[in-house]
Amino acid sequence: MPIIRTMFHTQEYSEPYLSMALACTRDDAWLGHGYYFWKDEDDAIFWGQTAKKRVRRYSIYSAQIDCADVLDTVFDEEHYNFWLRSIDKAIKVLTIKSNRKPTIEDVNTYFIQKGGWGEKVTGILFQDIPSNETISKVVGFFYKKRIQLAAFDIKIITNFAHHFDGDC
């Protein structure tokens, strides 16, 4: 049964507008190669204002994401525990192999070489620690989760459309 969420994709401004999300293929991407989306528009805007300064403008796109087969490390305790066990196993293997603390690139490469998270996992929903004082309503208290999705299967992304443009 589909679990549909409206999410937001941030890119540097360009014309014509995108017809589909761009994949992030950086080796240091939080969750590996994938199509990155924010759960909240505020986080997509903040990302545009801080990470997309090269052209001084950014574009926000909205899309419907089918999260039925997404590894939900934010709201699903079973998924979160699986996530922790998997990451801990990768760290253990990589540390033994290299005799050093692994980098995020090392962990991402490990999962790519292993074949990903399993054939049914179409993405990962993840929460990082926000530190954006401009959107926090309480000084120094970041009570709102900053949730990001890395979609590994483009087929879970539908109704991708330009939402608005902003300035850095």
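These figures come from a predicted structure and were not determined experimentally.
For Tyr17, the ring-ring contact (aromatic ring centres under 6.0 Å, His included) partners at least two apart in sequence or on another chain are His162. Legend: residues meeting side-chain contact (heavy atoms from CB on, under 4.5 Å) with Ala63, ordered by chain and number and at least two apart, are Phe37, Ile65, Ile157, Phe160. Evaluation of the salt bridge (Lys or Arg N to Asp or Glu O under 4.0 Å) rule for Arg54 yields Glu12 as partners, not counting sequence neighbours. Annotation: ring-ring contact (aromatic ring centres under 6.0 Å, His included) contacts of His163 (sequence neighbours excluded): Phe8.
Tested against Val70, the residues Val121, Asp153, Ile3, Leu149 include a single side-chain contact (heavy atoms from CB on, under 4.5 Å) partner, Leu149. Of the residues listed (Asp128, Asp43, Asp42), the one engaging Arg146 in a salt bridge (charged side-chain N to carboxylate O under 4.0 Å, His left out) is Asp128, and it is the only one.
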**Request:** Test Gln148 against Asp40 for side-chain contact (heavy atoms from CB on, under 4.5 Å), laying out the working first.
**Result:** CA-CA 9 Å; Gln148 205 172 24; Asp40 292 319; over 6 Å; no
**Request:** Step by step, work out the side-chain contact (heavy atoms from CB on, under 4.5 Å) result for Ile124 and Trp83.
**Result:** CA-CA 9 Å; Ile124 297 175; Trp83 160 265; 3.7 Å; yes
**Request:** Start with the C-alpha gap between Phe111 and Ile87, add the side-chain angles, then the distance that decides, and say whether side-chain contact (heavy atoms from CB on, under 4.5 Å) holds.
**Result:** CA-CA 9 Å; Phe111 284 109; Ile87 296 293; 3.8 Å; yes
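Under the 4.5 Å side-chain heavy-atom criterion for grouping Ile, Leu, Val, Met, Phe, Trp and Tyr, Leu31 is not connected to Met7 through any hydrophobic cluster. Follow the hydrophobic side-chain contacts under 4.5 Å out from Leu84 and you reach Leu71 in the same cluster. Clustering ILVMFWY residues whenever any of their side-chain heavy atoms sit less than 4.5 angstrom apart, transitively, puts Ile112 in a cluster other than the one holding Val93. Residue Leu18 is grouped with residue Ile154 when hydrophobic side chains (ILVMFWY) are merged at heavy-atom distances under 4.5 angstrom, including chains of intermediate members. In the hydrophobic clustering of ILVMFWY residues, with side-chain heavy atoms under 4.5 Å counting as a link, Ile104 and Phe126 come out together.
Taking 4.5 Å as the limit, some side-chain heavy atom of Val107 sits within range of a side-chain heavy atom of Leu94. Ile147 is not listed as a side-chain neighbour of Arg5, based on a closest heavy-atom distance of 4.5 Å or more.
When ring centroids are compared, Phe46 and Trp38 stay outside the 6.0 Å threshold.
Closest approach of Gln49 and Lys53 over heavy atoms only: O-CE, 3.1 Å. Gly48 and Cys168 get closest at one heavy-atom pair: O-SG, 3.4 Å. The minimum heavy-atom distance between Thr25 and His33, with the atom names listed, is O-NE2, 2.9 Å. Here the closest heavy-atom approach between residue Trp30 and residue Tyr36 is recorded as N-OH, 3.7 Å.
Screening residues 55-80 for side-chain hydrogen bond (donor to acceptor under 3.5 Å, both in side chains), with sequence neighbours left out, gives Thr6-Gln64, Arg57-Asp167, Ser59-Asp165. Within the structure, every pair that satisfies the side-chain hydrogen bond (donor to acceptor under 3.5 Å, both in side chains) test and touches residues 89-118, not counting sequence neighbours, is listed here: Arg100-Asp106, Thr103-Glu105, Thr103-Asp106.
Using a distance-only test at 3.5 Å, with no hydrogens or angles considered, a donor-acceptor pair links the side chain of His9 to the main chain of Leu22. Distance alone, capped at 3.5 Å, places no donor-acceptor pair between the Thr10 side chain and the Ile60 backbone.
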